[in-house]
Amino acid sequence: MAASTALSATITPSQLCSSKNRVNSISHVAHAKCVNSRRMKVSCMATSIPADRVPDMGKRELLNLLLLGAISLPAGGMLLPYTYFFVPPGGGSAAGGTVAKDALGNDVVADVWLTNHGPGDRTLTQGLKGDPTYLVVENDRTLATYGINAVCTHLGCVVPWNKAENKFLCPCHGSQYNNQGRVVRGPAPLSLALAHADIDDGKVVFVPWTETDFRTGENPWWS
């Protein structure tokens, strides 16, 4: 007991704390070395990817092009039907004209038309570029060789035919045209445009009018 007491007396509290600090310091250093060792190991693993596994720029560009093509083809297939919605209906003829359409969108057959429309009749059909165009029935019950575009040359209103006055009378600003579409009263500055009305395989076909306007003797303003 005396020896134990003497040994305890020779060790001071500061020495105990110092020894404890050394132990803690050694443990911290060892822990730090372990952590650093682990971090270095992870870093080495991250940078040790074989070079042959990294795709070069040529392969990346090829993959991008393939991806773009895979997206574009379905998208184009979905958008294509919508484009037809904005294309005006109408059939072309061998001569480069447009088959006339009635109010129901059916092709105008000359014989059937003349059966249902008498002499002097002027009825709207769909003509070149989808414009409303009058088919004219002559007094001898034949179709006139021209159609009359119904778009007013003033501000673009559709001009109705007035059978009682034998004129086209614009309801917007009072312009008037005779039974052939020649302007007889303003403010419209020009006559109504013309189109050839031909018969091809029994159907009425409108063809652009490019020669002299027979009503005025002048070159056509619309061509």
Side-chain angles (χ1 to χ4, degrees), residues 81-93 95-200 203-223:
Y82 291 96
T83 60
Y84 290 104
F85 178 80
F86 298 98
V87 178
S93 70
T98 300
V99 177
K101 303 285 186 180
D102 62 17
L104 299 177
N106 300 317
D107 294 347
V108 175
V109 179
D111 292 341
V112 177
W113 188 268
L114 291 173
T115 301
N116 299 321
H117 299 81
D121 181 79
R122 283 155 176 77
T123 300
L124 281 175
T125 61
Q126 179 178 287
L128 297 171
K129 301 180 181 178
D131 286 350
T133 304
Y134 284 101
L135 270 181
V136 178
V137 179
E138 303 283 18
N139 292 330
D140 59 358
R141 301 186 67 89
T142 61
L143 282 174
T145 58
Y146 61 92
I148 304 173
N149 192 306
V151 178
C152 183
T153 59
H154 180 220
L155 291 178
C157 298
V158 175
V159 182
W161 166 248
N162 189 306
K163 185 177 180 180
E165 296 195 26
N166 199 36
K167 292 179 182 179
F168 294 99
L169 303 178
C170 183
C172 297
H173 302 96
S175 298
Q176 298 184 12
Y177 308 84
N178 69 6
N179 60 357
Q180 292 181 326
R182 179 175 179 174
V183 63
V184 294
R185 175 180 171 182
L190 300 166
S191 299
L192 297 175
L194 296 175
H196 287 286
D198 300 336
I199 298 177
D200 185 6
K203 297 179 180 180
V204 178
V205 178
F206 289 117
V207 179
W209 188 293
T210 58
E211 57 269 23
T212 302
D213 185 345
F214 68 89
R215 302 165 302 183
T216 62
E218 299 176 353
N219 292 329
W221 60 264
W222 57 86
S223 63

Flag the pair Ser223 / Pro208 as yes when at least one side-chain heavy-atom distance between them is below 4.5 Å, and no otherwise. no
In terms of heavy-atom contacts, Val158 and Pro160 come closest through O-CD, 3.4 Å
d(Asn149 CG, Tyr134 OH) to nearest 0.5 Å is 10.0 Å
Can you list the steps and then say if Glu211 with His196 is a side chain to side chain contact (heavy atoms under 4.5 Å, CB included)? CA-CA 10 Å; Glu211 57 269 23; His196 287 286; 2.5 Å; yes
Distance col, row Asp102:CG vs Asn116:CG, nearest 0.5 angstrom, shows 10.0 Å
Worksheet item: Taking the side chain as C-beta and beyond, is there a heavy-atom pair between Ile148 and Val136 under 4.5 Å?
Response: yes
Is it the case that the side chains of Thr142 and Asp140 hold a donor-acceptor pair, with the cut-off being a distance below 3.5 Å and no angle test? yes
Please examine the side chains of Glu218 and Thr212, heavy atoms only from C-beta on, and report whether any two atoms are closer than 4.5 Å.
-> no
Rounded to the nearest 0.5 Å, the OG1 atom of Thr145 sits from the CG atom of Asp198 at a distance of 8.0 Å
| task | Given side chain to side chain contact (heavy atoms under 4.5 Å, CB included), test Asn179 with Arg122 step by step and report yes or no. | result | CA-CA 9 Å; Asn179 60 357; Arg122 283 155 176 77; 3.7 Å; yes
With ring-ring contact (aromatic ring centres under 6.0 Å, His included) as the test, would you mind laying out the steps for Tyr177 and Trp161 before giving the verdict? CA-CA 9 Å; Tyr177 308 84; Trp161 166 248; over 10 Å; no
In short, Arg182 meets Ser191 closest at the heavy-atom pair CA-OG, 3.4 Å
Practice problem: Determine whether Trp221 and Thr153 make a side-chain contact, defined as any pair of heavy atoms from C-beta on separated by less than 4.5 Å. | Solution: yes
d(Asn178 CG, Arg185 CZ) to nearest 0.5 Å is 14.5 Å
Quick one, Leu194 with Leu192, criterion side chain to side chain contact (heavy atoms under 4.5 Å, CB included). Give me CA distance, side-chain angles, the key distance, then yes/no. CA-CA 7 Å; Leu194 296 175; Leu192 297 175; over 6 Å; no
Cys170 and Cys152: CA distance, side-chain angles, deciding distance, disulfide (SG to SG under 2.5 Å) verdict: CA-CA 7 Å; Cys170 183; Cys152 183; 3.9 Å; no
Can you tell if the side chain of Val108 reaches within under 4.5 Å of the side chain of Lys101, non-hydrogen atoms only? no
| Could you walk me through whether Leu143 and Val204 pass the side chain to side chain contact (heavy atoms under 4.5 Å, CB included) check? | CA-CA 9 Å; Leu143 282 174; Val204 178; 3.6 Å; yes
Heavy-atom nearest pair, Thr133 first then Gly127, reads OG1-CA, 3.7 Å
If we only count heavy atoms from C-beta on, is the Val137 to Leu114 side-chain gap below 4.5 Å? yes
**Message:** Heavy-atom count check: over 12 atoms from other residues, nucleotides or ligands less than 6.0 Å from Asp111 CG?
**Reply:** no
In terms of heavy-atom contacts, His173 and Pro187 come closest through O-CD, 3.4 Å
Task: Asp131/Lys129 salt bridge by N-O under 4.0 Å criterion - done: no
Between Gly147 and Phe206, the two heavy atoms sitting closest are CA-CE2, 4.0 Å
Looking only at heavy atoms, the pair that brings Ser175 and His154 closest together is OG-CB, 4.3 Å
Are Phe214 and Gln180 packed together at the side-chain level, in the sense that at least one heavy-atom pair is separated by less than 4.5 angstrom?
yes
>> Using side-chain heavy atoms (C-beta onward) and a distance below 4.5 Å, is Leu135 in contact with Trp113?
In response: yes
